[in-house]
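As structure tokens, the structure follows; a few thoughts come after it.
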Amino acid sequence: MRTATLGPDERSAALARMAERELDVLVVGGGVVGAGTALDAATRGLTTGLVEARDWAAGTSSRSSKLIHGGLRYLEMLDFALVREALKERGLLLERLAPHLVKPVTFLYPLQHRGWERFYAGSGVALYDAMSVSSGHGRGLPTHRHLTRKRALRVAPCLKKDALVGALQYYDAQMDDARYVTTIVRTAAAYGADVANRARVTGFLREGERVVGARVRDLEQGGEFEIRARQIVNATGVWTDDTQKLIAERGQFHVRASKGIHLVVPKDRIHSTTGLILRTEKSVLFVIPWGRHWIVGTTDTDWDLDKAHPAASSADIDYLLEHVNSVLAVPLTRDDVQGVYAGLRPLLAGESDATSKLSREHTVAHPVPGLVVVAGGKYTTYRVMAKDAVDEAVHALDRRVAECVTEDVPLVGAEGYKALWNGRARIAQRTGLHVARVEHLLNRYGSMVDEVLELIAADPSLGDPLTGAEDYLRAEVVYAASHEGARHLDDVLTRRTRISIETFDRGTRSAREAAELMAPVLGWDHSQVEKEVERYEKRVEAERESQLQPDDLTADAARLGAPDVQPI
């Protein structure tokens, strides 16, 4: 059973190895596409490095709708190839690659017109199911159902009686996007990739026209060094154009950022046993089950301000509340909102002014020798994007390289997960944890759960819930720092866990205890603990302030009022 530890010592060793030798492939960008590219390259036998300027999935890849789906709305755009490809990937992730992380989820689509709409929407969902099955990886999900209004209201009593005349119910899948990326990174490391977060590319090395490496600054320990590589893959998402500027070359395409915001509300605020999908005048709106919460999203607006910390404005929040309340019998209010997050979609710039009409298909280019660029796409098809990027890179290597094998490489934690799930009652009895806690751990760590349980065995206090965030154990905070590459408090409260959006205080009650748990692992003294807590509290304060502002400009200015993690 392969695993890999991303602790502080392993990070330092990985940086040292990358600086000592020429790599076959260096991937820049630690989102889902960059992580997937590193895994693809490493599993082809290539010496591979992966660097990320902030934390794994710190950008777009931790701020999505957390869905693994074929993109039902793309059928209406007649983009059959994209939907077919995504449905195949959905099936692979559910059945083979990550059954511990990717789970089925049901959605109800309310029908508002008699006759024609049931036929029209029903035909689309039937085609969706048929394409899933024909992919060879879709038999694990039930097919859609047609519901009468009475039956739909029994499934989703939250709906207004006059908001529907009937409904369709269908299946897709979901995951914790940030946790998923970290797991890909750990899998890549298990297959030999050297990986380091908080390592920023400041420039590229050139020999004539060719790019032969990158200058990288260690933002944790300080110092700048050179990493030489035969091929570099730029997988920086919405930062693609900025990264291209480092080589003073105009890109062959441009990436446009579209902002999407999401609200998180407690489970008891919406009385339903299923998720919802609603039409809006611009796109679609999801109400997505999320543990003891619902995620409501998303918006789709152009964004050309700060990319690192996109801000949700009061207008964004009002937009989502207005649209979801149009069908809810008991409307949501601002007081019901526990968390808010905003992310940026990397869309390929095209002729359409509306970001919702830009292509979600991806593009791979080789703008100069030694540098491959991959951009666009959607989360679900990250593995295909990674394959295409590595295929492009290996064309320039003067030796035979194996074909992509990631379709048959489960992520760490997948192997043995189902057997452990079947034995979860025995694990609960052996460890003294409630079976619900064991299920929570299995669905976050899979067969790596034993590594978390070993921490609890060594220090039983780590088996207690974290103050202010009782869904998580204290051991998970320690494990995030010792095994999952968390370097700062924000990494743990925002990405390794989802405390920052799942609690009304946005994680401030948990911050000090979490920082003190991380301190021994990361070598923090008292002053560093204080600095981490203060910085996190100011971040939350700035986000709350931004969400009171009327528009993007004022929201962006308010969000930037908080100090960022400072480079050394």
Side-chain angles (χ1 to χ4, degrees), residues 3-15 18 26-42 48-64 66 98 101 175-191 193-201 216 218-220 233-239 243 307-309 341 343-344 346 374 379 382-383 385-386 411-413 444-446 448 476-477 479-501 518 521-522 564-565 567:
T3 186
T5 298
L6 304 182
D9 291 343
E10 288 79 10
R11 175 185 177 278
S12 297
L15 283 170
M18 283 190 273
L26 173 65
V27 183
V28 181
V32 69
V33 176
T37 301
L39 175 59
D40 188 293
T48 305
L50 170 64
V51 292
E52 158 60 39
R54 298 191 294 159
D55 184 30
W56 307 122
T60 303
S61 295
S62 61
R63 307 178 192 193
S64 73
K66 302 171 189 3
L101 301 177
M175 47 72 223
D176 182 330
D177 48 8
R179 171 151 298 282
Y180 192 90
V181 172
T182 300
T183 306
I184 301 174
V185 173
R186 292 188 70 181
T187 309
Y191 284 97
D194 289 318
V195 304
N197 53 357
R198 298 282 297 155
R200 184 186 301 278
V201 170
V216 177
D218 183 350
L219 300 182
E220 290 296 307
V233 178
N234 173 8
T236 51
V238 294
W239 286 272
T243 309
K307 296 187 183 79
H309 305 293
Y341 65 92
L344 301 177
V374 56
Y379 200 112
Y382 81 89
R383 194 192 63 81
M385 295 175 68
L411 301 188
V412 290
R444 283 169 57 76
Y445 308 100
M448 294 185 293
E476 295 183 76
V477 175
Y479 188 78
S482 63
H483 286 69
E484 295 183 327
R487 301 291 306 173
H488 294 279
L489 181 58
D490 187 68
D491 301 344
V492 171
L493 297 183
T494 306
R495 285 173 290 277
R496 303 306 182 279
T497 70
R498 291 306 187 151
I499 294 169
S500 67
I501 58 171
M518 296 172 69
V521 180
L522 299 176
D564 205 351
V565 175

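Note that the structure is predicted; figures quoted are calculated from it, not measured. Residue indices begin at 1 and follow the sequence shown.
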### Ionic contact status for Glu52 with Arg200, cut-off 4.0 Å
no

Spacing of [X] atom [atom1] and [Y] atom [atom2] [to the nearest 0.5 Å]:
X      : Y      : atom1 : atom2 : answer
Asp9   : Ser482 : CG    : OG    : 11.0 Å
Leu101 : Leu411 : CG    : CG    : 7.0 Å
Leu26  : Thr48  : CG    : OG1   : 9.5 Å
Leu50  : Thr37  : CG    : OG1   : 9.0 Å
His483 : Met448 : NE2   : CE    : 9.5 Å
Thr182 : Glu484 : OG1   : CD    : 6.0 Å

Heavy-atom closest contact ([X] atom, [Y] atom, distance):
X      : Y      : answer
Ala481 : Pro8   : O-CD, 3.8 Å
Gly237 : Pro346 : C-CB, 3.9 Å
Gly34  : Val27  : O-CG1, 3.5 Å

Are the side chains of [Y] and [X] in contact, using a 4.5 Å heavy-atom criterion?
X      : Y      : value
Tyr180 : Ile184 : yes
Thr243 : Val201 : no
Val51  : Met18  : yes
Val374 : Asn234 : no
Tyr341 : Thr494 : no
Trp56  : Leu6   : yes

Is there a donor-acceptor pair under 3.5 Å between the side chain of [X] and the backbone N or O of [Y]?
X      : Y      : result
Asp40  : Gly36  : no
Thr497 : Val492 : yes
Arg54  : Ala199 : no
Ser61  : Val32  : yes
Ser64  : Thr60  : no
Arg63  : Ala58  : yes
Thr5   : Gly7   : no

### Query
Can you name the residues that form a salt bridge (charged side-chain N to carboxylate O under 4.0 Å, His left out) with Asp55, not counting sequence neighbours?
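Residues passing salt bridge (charged side-chain N to carboxylate O under 4.0 Å, His left out) with Asp55: Arg495, Arg496.
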
### Task
Begin from the C-alpha positions of Asp218 and Arg198 and carry the test salt bridge (Lys or Arg N to Asp or Glu O under 4.0 Å) through to its verdict.
CA-CA 7 Å; Asp218 183 350; Arg198 298 282 297 155; over 6 Å; no

### Task
Would you tell me whether Asp177 and Ser62 have side-chain atoms, one donor and one acceptor, within less than 3.5 Å of each other?
no

### Task
Specify whether Tyr382 and Tyr379 have parallel, tilted or perpendicular ring planes, treating 30° as the upper limit for parallel and 60° as the lower limit for perpendicular.
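Rings of Tyr382 and Tyr379: perpendicular, over 60°.
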
### Task
Any chance you could lay out the side-chain contact (heavy atoms from CB on, under 4.5 Å) test for Glu476 and Arg444, step after step, and finish with the verdict?
CA-CA 10 Å; Glu476 295 183 76; Arg444 283 169 57 76; 2.6 Å; yes

